[in-house]
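Everything on this sheet refers to the single structure shown next.
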Number of protein chains: 2
Amino acid sequence: MRTALDLMEAKGLHAFSLRGVAGELGVGPMALYTYFRNKDDLYDAIRDHLMALVPDVPQDLPWLDQVRFVCRGLRALMLQHPCLAQLLASRPLSGKETARVAEGLLGVLRAAGLEPEAAARTHTTLFTYVLGATTWEIQMASERLDPDAWRRLRTSMESLSAHEFPTVVELAPELARTSGGDEQFDYGLDLLLAGLAS
Amino acid sequence: MRTALDLMEAKGLHAFSLRGVAGELGVGPMALYTYFRNKDDLYDAIRDHLMALVPDVPQDLPWLDQVRFVCRGLRALMLQHPCLAQLLASRPLSGKETARVAEGLLGVLRAAGLEPEAAARTHTTLFTYVLGATTWEIQMASERLDPDAWRRLRTSMESLSAHEFPTVVELAPELARTSGGDEQFDYGLDLLLAGLAS
DNA sequence: ACCTGAACACCGTTCAAGT
DNA sequence: ACCTGAACACCGTTCAAGT
């Protein structure tokens, strides 16, 4: 699992293969099937292993700060292990550790006085916001790292006619600045929490 | 492109292959390379083709309703073409049609009086919320359609100890109900818009 | 339980060749 | 411009066989 995780982060999930893991470990491809039923099973094991790293909810904070803490912690882990976002989006929901994270956030929301339905809806909203925001952030960052993709994006942005896309062209620098980062993540998170407070 | 899109929606993006498209068209795999430089190029073409289907912003509505219209339209298109969400999350940003959608939403936000930076941040927040919420919704729906995965989820939910995960167990029915649907999407969207109004 | 080795049915892409 | 056919370097997984 550690070797698999290393390979996924080094070369990206799209280039990850069981044969690659086996090669790295100096065994035949079939040796892995002693420990995992198939590739998806390995994916699920790694997702659970990573979700276990999401920190527990700190107990001595106002509940809005507890929510912020959990959401930021999940994002930080996804940034550290970009494959986690893809695994959450592509593999069926399962695993104790995912339940543990849900338990933490749901507990905070219930303790804050939200009714069962509102707590569940808010939990799903927060989780999907973190997933979407961080997925996009990772995507934009990987584009900036690939000089070829970065050049293509710049030229395609510059080729947009200011007549057809006046606002996009005018706000190009702001859009580039808001395509990731702590500030952007907190902006959206605070919008949700402000909506919740009202 | 139409054949490729059909195959992606019939069998899922993970099972999509250029050789499959070529086979469906009754040509050799290499015939496709006359029209697309490689597989990624075809992906980008399909993403652009789908983004062109996002409806334009209606002009005779209050701006919050305009925002709602665009976000709901994008979600509806992703639900109709589940591969779109995956393509947006996995392919570098590019294409005129993506700029068109951004232009529509950014124009509304600027006309509503938001400063350039706030407009950009709000646009990114809304877009990533739609992406995350709909990605998750698609994932949950596909799990419900696969009887095997659905059974595994039910049993893994029931095996959670009410002692270790009291809130998750208590809210299981609510969580199941809030894992998708128009109501859940609008709940999160309205949280964001309420935060924006405040 | 743990691993091998051969085999099967696939991939995306290159290259040289045709029309 | 458009397509073929062979080839290369890969995949995940099954099956039978070993220790």
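Labels below follow one simple rule: chain letters A, B, ... track the order of the sequence lines, proteins then strands, and each chain is numbered from 1. All of these numbers come straight from a predicted model, not from anything done at the bench.
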task: Take the angle between the ring planes of B:Y43 and B:F16 and call it parallel below 30°, perpendicular above 60°, tilted in between.
output: tilted
Quiz item: Quick check: does any side chain N or O of A:T134 sit under 3.5 Å from a backbone N or O of A:L131, one acting as donor and the other as acceptor?
Solution: no
- State whether the side chain of B:T34 and the backbone N or O of B:A31 hold a donor-acceptor pair below 3.5 Å, judged by distance alone. yes
Indicate whether OP1 or OP2 belonging to C:dC3 is found under 4.0 Å from a side-chain N or O atom of A:Y33. no
Given D:dA1, is OP1 or OP2 found less than 4.0 Å from the side-chain N or O atoms of B:T34?
no
In Watson-Crick or G-U wobble terms, with both distances under 3.5 Å, the base opposite C:dA1 is D:dT19
Check your understanding: If pairing requires Watson-Crick or G-U wobble contacts with both distances under 3.5 Å, which nucleotide is the partner of C:dT13?
Key ->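 Result: D:dA7.
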Practice problem: Please measure how far the P atom in C:dC2 lies from the corresponding atom in D:dA17, and state the result in whole Å. | Solution: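 22 Å, rounded to whole Å.
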Rounding to the closest angstrom, what is the interatomic distance between C:dA9 and D:dA9 at atom C1'?
-> 16 Å
The nucleotide from D:dG12, C:dC3, C:dG12 with an atom nearest the side chain of A:Y35 is C:dC3
Atom [atom1] of [X] and atom [atom2] of [N]: how far apart are they, to the nearest Å?
X     : N      : atom1 : atom2 : answer
B:R19 : D:dC8  : CZ    : P     : 14 Å
B:L32 : D:dA1  : CG    : P     : 17 Å
B:L7  : C:dC11 : CG    : P     : 11 Å
B:N38 : C:dT13 : CG    : C1'   : 9 Å
B:L18 : C:dC11 : CG    : P     : 9 Å
B:K11 : C:dC10 : NZ    : C1'   : 11 Å
B:D41 : C:dT13 : CG    : C1'   : 14 Å
A:L13 : D:dC11 : CG    : P     : 14 Å

Between A:G20 and A:M30, the residue closer to the 5' end of DNA chain D by nearest nucleotide is A:G20
Q. Regarding A:T125 and B:Q184, is there a side-chain donor-to-acceptor distance under 3.5 Å anywhere?
A.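 Judged by distance alone, the side chains do pair up.
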Checklist line | Contact check, side chains of B:P29 and B:L18, non-hydrogen atoms, under 4.5 Å | finding: no
